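Notes to accompany the following structure.
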Amino acid sequence: MNIWLQIASAAFVGLLLFFLYPAAKHWMQNGPKAKKGDWQAAAIPLLLVVGFVILLIAMVR
Amino acid sequence: MNTLDRAVGRSTETTFATNKVIKNTYLLLSATLVFSGMMALLSLYLAVPVWTYTVSVIVAMLMGIFVLPRTADSSAGLGVIFAITGLMGFGLGAVISMYLNMPNGPQTVGLALGGTGVIFLGLSGYALSSRRDFSFMGGFIFAGMLVMMVAVLANIFLQIPALQLAIASGFILLMSGFILFQTSQMVHGGETNYIHATYGLYLSIFNIFISLLQILGIFGGDD
């Protein structure tokens, strides 16, 4: 990648980090906490996504 | 009885507003995806260089940070969201063209496109039908995004293929979580602006597609 594109990309990602940090801090401090069974309900579809991606990889290999 | 009537009326109003946000979001998302696809076809036709992708994404995201929040509550927001998604689609065309020229390129692009559709529809359908509140994932998702951004920043200069693979895999998981989070936000009234909701879901779909392209490109390559 062109060095100027690398510098522009790095500056842009730095800017994203700057804007993302307050939102991340807010959600980590004040976001609702998980109740019993909540993480399980989220983990099942996410694991299915992982399985699906592995299946796609197997199809291209 | 009167109190009960009022309570039922309020509840009906809330449900109506929520359904309106969901309906408008999916309508706008469909329109922006079609527009984005048309712009990708245009850039494929024009055979634009690969750096167009980086420039388009940077300009589009800057618009998403500085212009969209100021216009999202007015009709101008619709023009802005189409400009953002059109630019991102135009940039995507450059990357798709690069992958199409690789061995097994058409298969890789087709699988990434189909896979993105399956992941998005599956997760949205799950969040809509289960009506679970996934807002507890907010802290996890935003913290994860911060970690990913630091890794992306490092890999711009390091360019380590294994780190690129880890970043792409992490993005698919995070963006999948974000689809659950954003959809449940719409269902439970946490997100009332359909332009913001569309932008969030569009970015998730875009990131999942790009990450899948990278992963399938790495594993499907001849070397």
Side-chain angles (χ1 to χ4, degrees), chain A, chain B residues 50-51 54-55 57-59 61-62 65-66 104 107-108 111-112 114-115 118-119 122-123 126-127 130 132-146 149-150 152-154 156-157 159 168-169 172-173 175-177 179-181 184 190 208 211-212 215-221:
Chain A
M1 202 196 287
N2 178 307
I3 186 71
W4 291 109
L5 265 185
Q6 279 184 315
I7 292 169
S9 303
F12 169 68
V13 174
L15 188 77
L16 275 185
L17 271 171
F18 177 76
F19 278 96
L20 203 59
Y21 180 72
K25 196 174 162 191
H26 167 80
W27 275 100
M28 282 187 281
Q29 287 175 348
N30 310 313
K33 299 284 173 257
K35 292 188 284 286
K36 196 169 178 252
D38 276 352
W39 274 113
Q40 195 185 353
I44 292 168
L46 294 181
L47 284 173
L48 284 174
V49 169
V50 173
F52 181 64
V53 172
I54 292 170
L55 177 74
L56 290 179
I57 292 170
M59 286 169 80
V60 293
R61 290 202 87 170
Chain B
V50 178
W51 57 260
T54 311
V55 175
V57 168
I58 290 177
V59 174
M61 296 288 279
L62 286 175
I65 293 171
F66 296 109
N104 304 323
Q107 187 197 9
T108 304
L111 277 178
V118 169
I119 291 172
L123 290 171
Y126 175 71
S130 72
R132 266 188 177 268
D133 187 0
F134 289 105
S135 55
F136 68 91
M137 292 176 79
F140 166 77
I141 289 168
F142 282 102
M145 280 187 192
L146 281 183
M149 287 299 152
V150 173
V152 168
L153 188 60
I156 286 174
F157 298 102
Q159 309 221 328
S169 311
I172 290 182
L173 261 186
M175 291 299 119
S176 299
I179 290 171
L180 291 177
F181 170 77
S184 92
I208 289 175
S211 304
L212 266 182
I215 292 174
L216 298 180
I218 290 170
F219 283 103

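Here the structure is a predicted model, which means the values were calculated and not measured. Proteins get letters first, then strands, A, B, ... in listed order; numbering begins at 1 in each.
Contact annotation: the side chain of B:Ile172 approaches that of A:Val49 to within less than 4.5 Å [non-hydrogen atoms, C-beta and beyond].
Considering all non-hydrogen atoms of both residues, A:Ala24 and B:Leu146 come closest at CB-CD1, 3.6 Å. Nearest heavy-atom pair, A:Met28 versus B:Ala143, reported as atom, atom and distance to 0.1 Å: SD-CB, 3.7 Å. Between B:Leu123 and A:Pro45 the shortest heavy-atom distance is CD2-CB, 3.7 Å.
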Review point. What's the verdict on side-chain contact (heavy atoms from CB on, under 4.5 Å) for A:Phe52 and B:Val118, showing C-alpha distance, side-chain angles and the deciding distance?
Key: CA-CA 9 Å; A:Phe52 181 64; B:Val118 169; 3.8 Å; yes
Practice item. Show the numbers, then the answer: is there a side-chain contact (heavy atoms from CB on, under 4.5 Å) between A:Gln6 and B:Phe157? Key: CA-CA 7 Å; A:Gln6 279 184 315; B:Phe157 298 102; 4.1 Å; yes
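Applying the salt bridge (charged side-chain N to carboxylate O under 4.0 Å, His left out) test to every pair with at least one member in residues 18-27 of chain A, sequence neighbours left out, gives no pairs at all.
Contacts between A:Leu48 and chain B at a heavy-atom distance below 4.5 Å are absent for every atom of the residue. Neither the backbone nor the side chain of B:Ile208 has a heavy atom closer than 4.5 Å to any heavy atom of chain A.
Rounded to the nearest 0.5 Å, atoms CG (A:Leu5) and CD1 (B:Ile58) are 7.0 Å apart. Summarising the geometry, atom CZ belonging to B:Phe136 is positioned 11.5 Å from atom CH2 belonging to A:Trp27; distances are rounded to the nearest 0.5 Å. Annotation: the span from B:Leu216 atom CG to A:Met59 atom CE amounts to 9.5 Å, rounded to 0.5 Å. Between atom CZ of residue A:Phe12 and atom CD1 of residue B:Ile65 there is a gap of 5.5 Å, rounded to the nearest 0.5 Å. Expressed to the nearest 0.5 Å, how far CD of B:Gln107 lies from CG of A:Leu56 amounts to 10.0 Å. Distance check, rounded to the nearest 0.5 Å: OH of B:Tyr126 to CD1 of A:Ile44 gives 6.0 Å.
Within a 6.0 Å sphere centred on CD of A:Gln29, heavy atoms belonging to other residues, nucleotides or ligands number more than 12. Counted within 6.0 Å of NZ on A:Lys33, heavy atoms from surrounding residues, nucleotides or ligands total more than 12; the atom is thus considered enclosed.
Between chain A and the residues B:Val152, B:Leu173, B:Ile215, B:Val57, the most heavy-atom pairs under 4.5 angstrom are made by B:Leu173. Taking chain B as the reference chain and counting heavy-atom pairs below 4.5 Å, the highest number among A:Gly31, A:Gly14, A:Ala34 is found for A:Ala34. Taking chain B as the reference chain and counting heavy-atom pairs below 4.5 Å, the highest number among A:Pro32, A:Ala23, A:Ala10 is found for A:Pro32.
For A:Asp38, the salt bridge (charged side-chain N to carboxylate O under 4.0 Å, His left out) criterion is met by B:Arg132, not counting sequence neighbours.
Relative orientation of the B:Phe66 and A:Phe19 rings is perpendicular, given thresholds of 30° and 60° on the angle between their planes.
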